[in-house]
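Residue numbers run from 1 in the order of the sequence given. Everything numeric here is computed off the predicted structure, so don't read it as measured data.
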Amino acid sequence: MVLKNIKKALNHIYFKPTVTRMCPEEPTRLADRFRGLQKLDKSKCIGCGICANTCPNNAIKIVKARIGPDSSKKRWFPSIDVGHCLFCGLCIDQCPKEALSSTKVYLTGVIRWEHNDLLFTPDMLAREVDINAEKEAGEEVSRWTPQ
C-alpha cells in the first residue's frame, strides 16, 4: 500500500503536466462565462441608473459624460469603481438595453497601484480612452481556451 502511494506520487511529479501556472506569464484558461471588466456601448445606454441601483457594493455611479469622443453633448452614463466591483454581473443582467457587457479583460486593464486609477469613467468603459487592455483582450484571450 505504501509503495503504491509512493509510485503514484512519483508518477505525478515527473510524468504528469503541472497543475499551477505562473500568471501573468502564462495566461489562465478562462471559461466561456468568465466575467471580467465591463464594456459600455454608449449608443445603447439610456442612462436609467438601474445598473447603479442593482449593484450590491454601490460601485456604479451615474455621471454626465460626452456622447462620443468628438461630441460636446453630454448624457448620463455609468461610471464603475472597479476596486469595489464584485464582477457579479448583476448590472449586466439588469440593463434593459444591454448596454453593459462583460469582457475577458481582468489583468492588464484592471490592476492599478492607486485607487483613483480604478475609477473607470464612461469613456474608459466604452474604450474611447486607452486603458492598456486591448493587448490582453485581443491576442492573449484568443489563446485562452475554456476549462
Side-chain angles (χ1 to χ4, degrees), residues 8-147:
K8 188 174 184 179
L10 290 174
N11 280 337
H12 280 283
I13 290 172
Y14 294 110
F15 302 112
K16 299 291 179 181
T18 58
V19 176
T20 58
R21 292 181 285 298
M22 297 296 293
C23 183
E25 289 83 13
E26 288 185 37
T28 305
R29 293 185 190 126
L30 300 176
D32 288 335
R33 59 185 182 179
F34 178 80
R35 294 185 297 242
L37 184 63
Q38 296 86 353
K39 186 171 185 177
L40 174 67
D41 185 354
K42 283 186 170 182
S43 63
K44 292 181 179 178
C45 183
I46 58 174
C48 62
I50 292 175
C51 55
N53 292 334
T54 306
C55 183
N57 281 1
N58 291 328
I60 302 176
K61 305 291 181 235
I62 303 298
V63 297
K64 267 199 170 182
R66 294 177 296 135
I67 293 175
D70 300 329
S71 177
S72 61
K73 294 181 181 179
K74 292 187 174 187
R75 273 193 7 222
W76 296 100
F77 293 108
S79 174
I80 300 178
D81 181 357
V82 180
H84 289 116
C85 182
L86 288 171
F87 298 98
C88 63
L90 290 175
C91 56
I92 296 166
D93 295 339
Q94 295 298 319
C95 184
K97 298 293 182 179
E98 297 179 356
L100 278 174
S101 60
S102 188
T103 64
K104 301 234 184 244
V105 175
Y106 72 103
L107 288 176
T108 310
V110 179
I111 297 176
R112 310 287 174 94
W113 288 105
E114 299 292 327
H115 184 260
N116 288 340
D117 295 336
L118 292 172
L119 303 174
F120 278 65
T121 63
D123 295 335
M124 295 168 79
L125 290 172
R127 305 303 192 270
E128 293 172 357
V129 175
D130 185 28
I131 60 169
N132 299 325
E134 299 310 317
K135 179 182 174 191
E136 181 181 345
E139 356 177 311
E140 291 184 14
V141 170
S142 64
R143 290 193 329 225
W144 296 339
T145 55
Q147 292 179 346

Subject >> Contacts of N11 that satisfy side-chain contact (heavy atoms from CB on, under 4.5 Å) - sequence neighbours left out >> reply: K7, F15
Exercise: identify the closest heavy-atom pair between [X] and [Y]:
X	Y	result
L125	S79	CD1-CA, 4.4 Å
P122	A65	CG-CB, 3.7 Å
C95	A99	SG-N, 3.2 Å
K44	K97	O-CB, 3.3 Å
L100	C51	CD1-CB, 4.1 Å
K42	R75	O-NH2, 3.3 Å

When rounded to the nearest 0.5 angstrom, what distance separates [atom1] in [X] from [atom2] in [Y]?
X	Y	atom1	atom2	answer
I60	D81	CD1	CG	10.0 Å
L118	C85	CG	SG	10.5 Å
D41	E98	CG	CD	10.5 Å
L86	N57	CG	CG	4.0 Å

Test your reading of the model: is there a side-chain donor-acceptor pair from [X] to the backbone of [Y], 3.5 Å cut-off?
X	Y	result
K61	N58	yes
T103	L37	yes
R35	S102	no

**OP:** Indicate yes or no: at least one non-hydrogen side-chain atom of C91 is less than 4.5 angstrom from one of P78.
**Re:**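 Side chain of C91 against side chain of P78, heavy atoms only: no contact under 4.5 Å found.
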Original post:
Just one of L40, T121, D123, I62 clears the side chain to side chain contact (heavy atoms under 4.5 Å, CB included) bar with F77, so which one?
Top reply: L40
